[in-house]
Amino acid sequence: MTFSNADVFPMGTTVNSKGVLEIGGCDIVSLAKTHGTPLYVYDENTIRSMARAFVGEFTSRYSKTSVAYASKAFLNLAMAKIATEENLSLDVVSGGEVAVANAAGFPCSKMYFHGNNKTPQELSEAIDLGVGTIVVDGFQELDLLNSIAKSKNAVQGIMLRLSPSVDAHTHAHTTTGILDVKFGFSIETGESSIAIKQAIDSTNLDLQGIHFHLGSPIFELEPYSTAIDTVLEYLKPFFSQGLELKKFSPGGGFAIGYLQQQLPPSVSDYADVITSMLKNKCEDLGIEYPELIIEPGRSIVGRAGVAIYTVGVTKEIPNVRTYVSLDGGMGDNIRPALYDAQYEAVAANKMSGENVNIVTLAGKYCETGDILVKDIDLPKLDAGDIVAIPASGAYCIAMSSNYNMNPRPEIVMVSEGKARVIRKRETYRDLMALDLP
Ligand SMILES: *Cc1c(COP(=O)(O)O)cnc(C)c1O
């Protein structure tokens with residue numbers, strides 16, 4: 001049986017004959033019983049299908065495409081293994097991400113190392129490990145990386161991150177391609193022109209190409225085409241000054257459906273706009289087609305993950321609001337507090353129940369802002385009921401914390417009716433494992 005907001009849940013999510021939510025063939029109530037809550041459930045088929053959709057939709061239009069999974073959305077050994085098996089490249093933003101992916105057997109040569117303030121240690125480790133491309137974000141880094149590479153007698157592949165002053169209309173905290181941001185060399189101020197010349201002349205850096213990233217999640221297509229047009233047009237004079245565009249990346253930021261009534265463009269829509277603009281511009285400018293690097297993070301894992309909670313206390317304020325508190329909250333999902341993110345929710349054990357109550361789903365953390373879903377129509381919820389919040393696969397666990405000394409949730413991967421733990425629930429012992437009295 002399907003249900004009204006199924007499009008924001010993992011592919012193939014159904015309701016079984018007991019009226020219980022079923023993901024990847026697994027009954028969510030029995031998963032909650034076996035593993036406890038809060039529990040994050042990832043559907044392996046959705047992750048792999050999304051990875052294959054990006055590879056397929058882009059390479060069928062533009063054969064020289066590499067899909068670099070932006071690992072900051074969700075990374076652990078199991079996810080790194082899937083990225084390896086799906087032949088993806090990897091977008092990393094810290095020495096820690098490099099280390100986790102490397103430990104899972106992900107080839108460092110297929111990593112793109114981003115970040116506005118990579119430390120000297122991170123840059124040095126990246127060169128030692130053979131990270132294929134370091135995406136240089138500023139002048140100090142350009143100097144520093146060249147001198148570290150020189151000291152190691154290495155030549156490091158780099159791309160330059162430009163900031164094209166294109167607004168992708170995301171939340172102010174997640175727009176990254178406008179003038180007033182900490183990321184990248186601004187085209188508008190002219191610093192990108194100096195950076196390109198300096199990169200070409202750097203003795204121990206090999207400038208592979210140009211990168212930008214506009215923000216996330218981007219529900220519109222036009223910011224991508226505008227930015228590709230703007231950046232390639234801007235690069236025109238540099239092609240006669242030694243710039244070889246072997247690689248070109250318009251970043252990631254592809255949206256997912258958080259709300260049933262706000263579904264994103266399809267992967268093929270994004271692929272159409274990006275590849276056609278890139279091809280047109282290359283022909284206009286008379287340059288060879290570069291390798292196209294796209295960097296989806298959220299869109300690979302976001303839909304695949306569902307957060308499972310148990311209902312506890314209800315507080316009814318007559319004529320104001322009814323708060324139903326769950327056993328997780330801002331420690332495992334900071335996005336509502338940070339970005340006003342909105343979510344759907346269902347009562348996983350009452351899927352055939354009628355919606356009768358407008359309630360606000362609150363977390364258990366000591367903050368008034370610890371609200372997961374505001375004013376949502378649900379069946380009557382009692383203590384012990386199981387609530388599932390979909391589209392929780394990206395940037396929830398990745399941004400999780402131990403605030404209030406709550407152990408972080410267990411994570412299970414489901415596939416064909418089987419669930420396996422990919423990260424154990426933290427214990428009280430883990431909370432003090434690194435403390436010294
Ligand atoms: C975060 C980030 C991405 C991925 O963004 P998503 O919205 O998860 O697709 C891609 N590229 C860069 C440089 C990023 O910082």
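Whatever order the structure lists them in is the order used to number ligands and atoms, beginning at 1. Numbering starts at 1 and runs along the sequence shown.
Taking the centre and axis of the six-membered ring of F183, the NZ or CZ atom of R161 falls inside the cone set by 45° and 6.0 Å.
Per-residue contacts place G297 under 4.0 angstrom from the following atoms of ligand 1 (heavy atoms of the residue considered): 6 (P), 8 (O), 9 (O). Using a 4.0 Å cut-off to heavy atoms of H114, the atoms of ligand 1 that qualify are 13 (C). When each atom of ligand 1 is checked for a heavy atom of R161 under 4.0 Å away, the hits are 13 (C). Within ligand 1, counting atoms from 1 as listed, the ones closer than 4.0 Å to a heavy atom of P296 are 9 (O).
The ring-ring contact (aromatic ring centres under 6.0 Å, His included) contacts involving residues 123-159 comprise F139-F185, where partners must be two or more places apart or lie in separate chains.
A salt bridge is defined here as a Lys NZ or Arg NE, NH1 or NH2 lying under 4.0 Å from an Asp or Glu carboxylate O, and E44 with R420 meets this definition. Contact check on E283 versus K279 returns no salt bridge, with no Lys/Arg side-chain nitrogen under 4.0 Å from an Asp/Glu carboxylate oxygen.
Summarising the geometry, atom OG1 belonging to T65 is positioned 8.5 Å from atom CG belonging to L278; distances are rounded to the nearest 0.5 Å.
Comparing heavy-atom distances from atom 5 (O) of ligand 1 across F254, Y395, F74 singles out Y395 as nearest.
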Residues 94-108, side-chain donor-acceptor partners within the protein, below 3.5 Å, at least two apart:
from	atom 1	to	atom 2	distance (Å)
S94	OG	G96	N	3.3
S94	OG	E97	N	3.0
E97	OE1	S71	OG	3.1
E97	OE1	V93	N	2.8
E97	OE2	K72	N	3.4

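Aromatic pair H114/H211: centroids less than 6.0 angstrom apart. In this structure, Y224 has its ring center under 6.0 Å from that of F254.
Here E295 has heavy atoms under 4.0 Å from ligand 1 in both its backbone and its side chain. Contact annotation for D91 and ligand 1: only side-chain heavy atoms (C-beta onward) come within less than 4.0 Å of the ligand. Counting heavy atoms under 4.0 Å from ligand 1, residue A70 touches it through the side chain alone. Contacts with ligand 1 closer than 4.0 Å are made by heavy atoms of both the backbone and the side chain of R298.
Residue H211 has no nitrogen or oxygen atom sitting less than 3.5 Å from a nitrogen or oxygen atom of ligand 1, judged on distance alone. In terms of polar-atom proximity, defined here as any N/O pair under 3.5 Å, G253 does make such a contact with ligand 1. Considering backbone and side-chain atoms together, G215 places no N or O closer than 3.5 Å to any N or O of ligand 1.
A donor-acceptor distance shorter than 3.5 angstrom exists from the side chain of T360 to the backbone of D375, with no hydrogens or angles considered. Between the side chain of D128 and the backbone N or O of E125, no donor-acceptor pair lies under 3.5 Å.
In terms of protein heavy-atom proximity, atom 1 (C) of ligand 1 is closest to K72 NZ, 1.3 Å. Distance from atom 7 (O) of ligand 1 to its nearest protein heavy atom, with residue and atom name: S216 OG, 2.2 Å.
Residue A394 places no heavy atom under 4.0 Å from ligand 1.
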